[in-house]
Amino acid sequence: MVSFPVATDKERVDLSKMREQLDEIYEQSLRTLEEAGSTDELETWHRETLGRKGSVQLQTRHIGQLVPEERPHFGRRINEVKQALEDAYQERATALRAQELEAQMAAEALDVTLPGRRAWRGRLHPASQTLRDIYRIWGDMGFQVYRSREVETDEYNFELLNIPQHHPARDMWDTFHTMTPGVILRTHTSPGQIHAMRQYCPEPIRVILPGMCYRYEQITARSEIQFHQVEGLAVGKNITMADLKGTLNAFARRMFGEDRATRFRANYFPFTEPSAEMDVECVLCEGAGCQVCKYTGWLEILGSGMVHPTVLRNGGYDPEVYSGFAFGMGPERIAMLKYGIDDIRYFWSNDLRFLEQF
Ligand code: PHE
């Protein structure tokens, strides 16, 4: 015979007593829930009330002490209490979290009226700044920028500019050669004259040709193996030496100052005839003589001349009908003169102490 363990009368508990106890726990829990002042305390409350060993859960252990018919009723009641407490907990948690966030925001408030930290801004390299000054001035006079290649052929860099092989004039340019015979790095921007002429012929031309040039040279305070040039070219009918002088003077006045004196000195370039170098009155001593102008009062800023008939012909223009002038200047050199920079090596050595001054 099988006997089931049945609670004795003495052990039997009255349902109403247990409900009372459960209600007591419920009321008590609601009160302590209200008292929880932080999310930490709230978590503790949750564990002690609704956790596996929490006060409400413990009530389930007493179910066995009820008469069987009453058990489901009490179980349901426990679930109701659990659910009600869980809801109250969620509500309280939401409120507390909002409260804590608000307190945190008040404590860590930003003073939006303080000036912000300034972002570090880069700037243009002094060579680029000078290039842009030059573009602006020539642009105002109707000269467009014409881009020409840095890797050139011997033909364009020399021959078409009236500098044949073995001509002593080649000594004016020390050249970087590539492994491909006849392909070199351009030593000046003048080969761009031929490209522009061949593209536009027989139209009139007014362009500047800026870009990097390369020379195989000892690097010193006065010479670098790479540097910018800005070439200028005007081709058309009835262009004379007077146009060259007037245009270059207009440039110098805008670049170096309205009352800056200029002078032209005869010179030689194979691709211009006649040729002239242009000087401006020293910007540092205003002509009085100083270290920068080597006590001459003058600074050389560019080479120029009337386009040689052979070069015009190589560009496709009939020198009997067309004429033109050309010039070439070095922006780094101009920047050096303008700002009294005494060493060209600063331009490509990327020293911030230098670059940040511009
Ligand atoms: N190409 C010459 C140089 O590099 C400068 C120049 C350009 C001279 C145009 C006359 C005309 O020195």
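In listed order, ligands and their atoms are each counted from 1.
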When you look for heavy atoms under 4.0 Å from ligand 1, do you find them on the side chain of [X], its backbone, both, or neither?
X: Cys213; answer: neither
X: Met172; answer: neither
X: Phe327; answer: backbone

| said: Any nitrogen or oxygen of Glu231, side chain or backbone, less than 3.5 Å from one on ligand 1? | reply: no
| Less than 3.5 Å between some nitrogen or oxygen of Arg215 and one of ligand 1, yes or no? | yes
| said: Applying a strict under-4.5 Å side-chain criterion to I, L, V, M, F, W and Y, I'd like to know whether Met172 and Leu160 cluster together. | reply: yes
| Would a hydrophobic clustering, with Ile, Leu, Val, Met, Phe, Trp and Tyr connected at side-chain separations under 4.5 Å, put Leu248 with Leu209? |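 Per the 4.5 Å side-chain linkage, Leu248 and Leu209 are not co-clustered.
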| field | Contact with ligand 1 for Gln229, non-hydrogen, under 4.0 angstrom | value | yes
| said: With a 4.0 Å cut-off on heavy atoms, is Arg186 in contact with ligand 1? | reply: no
| query | Starting from atom 2 (C) of ligand 1, which protein heavy atom do you reach first, and at what distance in Å? | reply |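 Scanning the protein heavy atoms, the shortest distance from atom 2 (C) of ligand 1 goes to Phe271 CZ, 3.8 Å.
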If you count the atoms of ligand 1 from 1 in the order shown, which ones are under 4.0 Å from a heavy atom of [X]?
X: Ser190; result: 1 (N), 7 (C)
X: Gly328; result: 6 (C), 7 (C), 9 (C)
X: Thr272; result: 11 (C)

| field | Pair Trp173 + His167: ring centers closer than 6.0 Å | value |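 Ring centres of His167 and Trp173 not closer than 6.0 Å.
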| task | Decide yes or no on ring-ring contact (aromatic ring centres under 6.0 Å, His included) for Trp348 and Phe354, but give the supporting numbers first. | result | CA-CA 10 Å; Trp348 314 120; Phe354 170 73; 9.8 Å; no
| Around atom CZ of Arg263, are there more than 12 heavy atoms of other residues, nucleotides or ligands at under 6.0 Å? | yes
| field | Electrostatic pair Asp154:Arg170 at N-O distance under 4.0 angstrom | value | yes
| task | Scan side-chain atoms only and decide if Arg215 and His188 contain a donor-acceptor pair under the 3.5 Å cut-off. | result |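 The criterion, which ignores hydrogens and geometry beyond distance, is not satisfied for His188 and Arg215.
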| task | Mind jotting down which residue pairs meet the salt bridge (charged side-chain N to carboxylate O under 4.0 Å, His left out) criterion with at least one end in residues 94-123? Sequence neighbours excluded, please. | result | none
